[in-house]
Structures are given as C-alpha cells and as structure tokens.
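I have placed the structure first, in the form of structure tokens, so that the comments after it can refer back to it.
Given the structure is predicted, the values throughout are model-derived calculations rather than measurements. One-based numbering, in listed order, for ligands and for the atoms of each.
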Amino acid sequence: VQRHHNQAFIKLMQSLHAEENRALAPFSTLRVGGPARFFLLANSLSDIMLVQKACREHQINMHILSGGSNTLFSDEGFLGLVLKLGPAFDYIKPGPAQALLVGAATTFAKLTKLSVNMGFEKAVGWAGTPGLVGGAIRMNAGTRMGEVSDGLSRVNIIHDGELKSFNKKDIDFSYRHCGLAENTIITSAEFFYAKENLGEPNKLIQQVKAYQVKRKLSQPSINSAGSFFKNPYPEFAGALIEKANLKGKTLNGAQISQLHANFIINRGGAKADDIIALGSLAQKTVFNSFGLVLRPEIRYVGERIPTLFAQK
Ligand SMILES: Cc1cc2nc3c(=O)[nH]c(=O)nc-3n(C[C@H](O)[C@H](O)[C@H](O)COP(=O)(O)OP(=O)(O)OC[C@H]3O[C@@H](n4cnc5c(N)ncnc54)[C@H](O)[C@@H]3O)c2cc1C
C-alpha cells in the first residue's frame, strides 16, 4: 500500500523531534529488521494523545515498541510510526490503596525484583522475562508459576487519543493474551498484592535463583525473542518441533536452537526472512506430522504479513 505522508503529519513529527528512517534491528532482541519511517520517543501523555489522533487522521500505522523482546521486525522495515515510551514513563511509586503505580517503560525485571522482595509469590513466575512493563502486560507475560495479570489491579491506557483506565477484572487475560483493543497504548498500571498472596521473601528469592540456574541450562542465551510459538495445550511447542527433527536446523544466520526447539536464534547475520522461513518450516512440519497448528507468540511488524503470522 502506498502511503501518502501529508505535510501536516511530517511537521508534527518534526516538532516532536521524531527521527526518520531509524534502523529497528537494535531495538529487537532478535537484532533484525529494517528502518521505521518515523520513530518517536514520547515523554508525555499529551504528546501520545496528539500523535495517536494524528495517526488516525492521516491513516498512518503505529507500532508501540517497548523492550522489543517479543518482536520481529521485517527486513523491509515499517512505513508507519514506531512509538516508544521514554524515560518519563519509567517509575515505580506508591499508588492508591497501597497499590504500586508503575510506568509502562519500567523494566519488568525491576518490578519483578521488587515484587519478589515484597513476598509476592506469583512474581517468581515473572523472573527471567526481559522487556518492559507495557510489553509484559500486552503479552500477559510469565510462566506457569505466575503471569503479569496475577499481580495487576488496574491498567491506564490511551485509546482513540483519550485517557482511559480499566479495572483488571474488566480485561480478558489468559495465556499470553490480553483483551485490550489492538491500538491501545498502555501508559501505566497498578499492582496490588493481597496479604494472603504474600510469602516469605527469602524463600522466594531462593526459588528465583534456582529457576535462573535451570533456565541457563535449558534456554539459549544468545539473540532470540524467547518462545517463538505458543504452546498448544496440553502439548509443548518445543517438544513437538524436536520430535519433528528440526532441533538445530539452520538457515543462514538463523537457527532453531539446539538447546530449546521453541527458540529461534540469530547466531549473527540472520535476516528476518531467515527467521520467518524457519518458523514456517516448523509450523508446516509439526502440522504434517501431528496435525497441530503452532501459532506464533512473537509479534511481527512489517508491511506484508507473512502467512506464518497471518492466521488467527
Ligand atoms: C531470553 C528471553 C526469555 C523470555 N522469557 C519469557 C518468559 O519466560 N515468559 C514470557 O511470557 N515471555 C518471555 N519472553 C518474551 C518477552 O520477553 C515477553 O513477551 C515480554 O513481556 C515482552 O516485553 P517487551 O517490552 O520486550 O515487549 P515488545 O516486544 O516491545 O512488545 C510486545 C507486544 O506488546 C506491545 N506493546 C509493548 N508495549 C506496549 C504498550 N505500552 N502499550 C500497548 N502495547 C504495547 C507491542 O506493540 C507488541 O505487540 C522472553 C524473551 C526472551 C528474549
């Protein structure tokens, strides 16, 4: 689709000091991807509201980037606007009714550490997940031991250029799913830990340590976006890909990890297309061998959506 960037939009971008044609690869833990037509670091709610309205008016696609640890940028890049929340959204402070008020650009590791130290048991399941709080909420990140939604009480967002706030109970959260509308920008959230969910912090800290050791042995530490596919309950994507004999399968710089078959890694010099080709191969082979459809957990950002990411 040819997009006409009208002068008013370009002027707005310039007034907000947006960058043009900024390379996206450094913003993704997979380290692949072409440039963004516009790249904006936003530091106020009013700027975000203004920009969201302008994107709608000028029909410019917007992608919200946080830690990029679950994101695959296409080799061609993105013709729209990539918006990243700036340092003004990196905070943890006391919120209402003994909740923590956490900015969406705060690292999830920082919130996890604080929550474990407060004795919140479910936060043990958050440990080891990279990225920022906004991305973690959007993905309902975590493990079987605990997901982000377990600690959330309220989410503050911008939608259609307006500020809105949702009680956690009114958002549909499930495994790697958050029911907020697609073009929602999460700006902050409240976390509240009820007394009955609190345990002994030292015990939890030990659990996190043990879990870190286990992870080191079972998951690759080089460039990846974590689990590539969602697990098709009750099966595990990694086990299925392994049974399909694809563990270690390599294409140029990309590889289905030898350590964990649900991780596709960039060993250096991979293109987004190599990663997509390996993901497609895994999806097809698993379907042909076991009749199960693997659906990507990672998010794709680009102009032409590959079949791998197209099906719902
Ligand atoms: C080594 C490694 C281990 C991992 N382990 C785990 C794990 O144990 N459990 C797990 O669940 N995941 C895991 N992941 C995947 C990833 O870290 C999580 O999905 C993480 O929560 C994504 O956060 P992010 O800030 O990097 O999001 P991004 O990749 O930047 O974004 C993810 C999605 O959220 C959207 N988004 C981001 N910020 C906002 C916002 N403020 N408002 C609205 N939408 C937003 C983006 O548009 C995108 O669609 C792992 C990844 C790696 C690399």
Original post:
S224 to ligand 1: N or O pair under 3.5 Å?
Top reply: no
**OP:** Flag L132 as yes when one of its N or O atoms lies below 3.5 Å from any N or O atom of ligand 1, and as no otherwise.
**Re:** yes
Subject >> N/O separation below 3.5 Å, N70 to ligand 1 >> reply: yes
**OP:** May I ask which of G142, G131, A141 has a heavy atom nearer to atom 9 (N) of ligand 1 than the others do?
**Re:** G142
Original post:
Considering only heavy atoms of T143, which atoms of ligand 1 have at least one such atom less than 4.0 Å away?
Top reply: 8 (O)
Original post:
So which of R138, R299, R144, H63 gets nearest to atom 34 (O) of ligand 1, if we judge by its closest heavy atom?
Top reply: R138
Original post:
ligand 1 and I64, any nitrogen or oxygen pair closer than 3.5 angstrom?
Top reply: yes
Tell me which donor-acceptor pairs under 3.5 Å the side chains of residues 102-110 have, and how far apart each pair is, sequence neighbours excluded?
from	atom 1	to	atom 2	distance (Å)
T106	OG1	Y91	N	3.1
T106	OG1	Y91	O	3.1
T106	OG1	G103	O	2.7
T107	OG1	K110	N	3.2

Subject >> Audit row: I186, I157, side chain to side chain contact (heavy atoms under 4.5 Å, CB included) steps and yes/no >> reply: CA-CA 4 Å; I186 300 160; I157 66 153; 4.2 Å; yes
Subject >> ligand 1 N/O within reach of S227 N/O, cut-off under 3.5 Å >> reply: no
Original post:
For atom 16 (C) of ligand 1, which protein heavy atom lies nearest, and how many Å away is it?
Top reply: S69 OG, 3.2 Å
Subject >> Contact check: L65 vs ligand 1, nitrogen or oxygen atoms, below 3.5 angstrom >> reply: no
**OP:** Write out the residue and atom name of the closest protein heavy atom to atom 38 (N) of ligand 1, then the distance separating them to 0.1 Å.
**Re:** S66 OG, 3.0 Å
Original post:
Starting from atom 43 (C) of ligand 1, which protein heavy atom do you reach first, and at what distance in Å?
Top reply: T184 O, 3.1 Å
Original post:
What atoms of ligand 1 come within less than 4.0 Å of a heavy atom belonging to G134?
Top reply: 38 (N), 39 (C), 41 (N)
Original post:
Does the side chain of S74 come under 3.5 Å of the side chain of R304 through a donor N or O and an acceptor N or O?
Top reply: no
Original post:
Taking atom CG of L114 and atom OH of Y193, what is their separation to the nearest 0.5 Å?
Top reply: 7.0 Å
Subject >> ligand 1 atoms in contact with A136 (distance to a heavy atom under 4.0 Å) >> reply: 21 (O), 23 (O)
Original post:
Would M62 end up clustered with L163 when hydrophobic side chains under 4.5 Å apart are linked, directly or stepwise?
Top reply: yes
**OP:** Group every Ile, Leu, Val, Met, Phe, Trp and Tyr by side-chain heavy-atom contacts under 4.5 Å, then state whether V155 and F192 land in the same group.
**Re:** no
Original post:
Between the side chains of T187 and N156, does any donor sit under 3.5 Å from an acceptor?
Top reply: no
**OP:** Please report the C-alpha distance between F191 and V148 in whole Å, then the side-chain angles of each, then the deciding distance to 0.1 Å, and finally whether the side chain to side chain contact (heavy atoms under 4.5 Å, CB included) criterion is met.
**Re:** CA-CA 9 Å; F191 287 79; V148 171; 4.1 Å; yes
If you look only at distance, which donor and acceptor atoms sit under 3.5 Å apart when one is on a side chain in residues 45-52 and the other is two or more places apart or in another chain?
from	atom 1	to	atom 2	distance (Å)
S46	OG	S44	OG	3.2
Q52	OE1	D160	N	3.2
Q52	OE1	G161	N	2.7
Q52	NE2	N183	O	2.8

Subject >> Side-chain (S227) to main-chain (F229) donor-acceptor, under 3.5 angstrom >> reply: no
**OP:** Answer with yes or no whether R215 contacts ligand 1, where contact means a heavy atom under 4.0 Å from a ligand atom.
**Re:** yes
**OP:** Give the residue and atom name of whichever protein heavy atom lies nearest to atom 31 (O) of ligand 1, and the separation in Å to one decimal.
**Re:** T71 OG1, 3.6 Å
**OP:** State the atoms of ligand 1, each with its element, that fall below the 4.0 Å cut-off from a heavy-atom position in G67.
**Re:** 24 (P), 25 (O), 26 (O), 27 (O), 30 (O)
Subject >> side chain to side chain contact (heavy atoms under 4.5 Å, CB included) between R299 and R138, worked out >> reply: CA-CA 11 Å; R299 301 293 188 100; R138 176 88 254 182; 4.1 Å; yes
**OP:** Select one of side chain, backbone, both or neither to describe which atoms of A225 lie under 4.0 Å from any atom of ligand 1, heavy atoms only.
**Re:** backbone
Subject >> Proximity winner for atom 6 (C) of ligand 1, if only heavy atoms of T129, I185, V301 are counted >> reply: T129
Subject >> Nearest non-hydrogen partners of F73 and V32, listed with the distance >> reply: CB-O, 3.8 Å
Subject >> Any R176 heavy atom less than 4.0 Å from ligand 1 >> reply: yes
**OP:** May I ask you to check whether I186 has an N/O atom sitting below 3.5 Å from an N/O atom of ligand 1?
**Re:** yes
**OP:** For atom 4 (C) of ligand 1, grab the closest protein heavy atom and report residue, atom and distance to one decimal in Å.
**Re:** P130 CD, 3.6 Å
Original post:
Cation over ring, K84 on F27, under 6.0 Å and within 45°?
Top reply: no
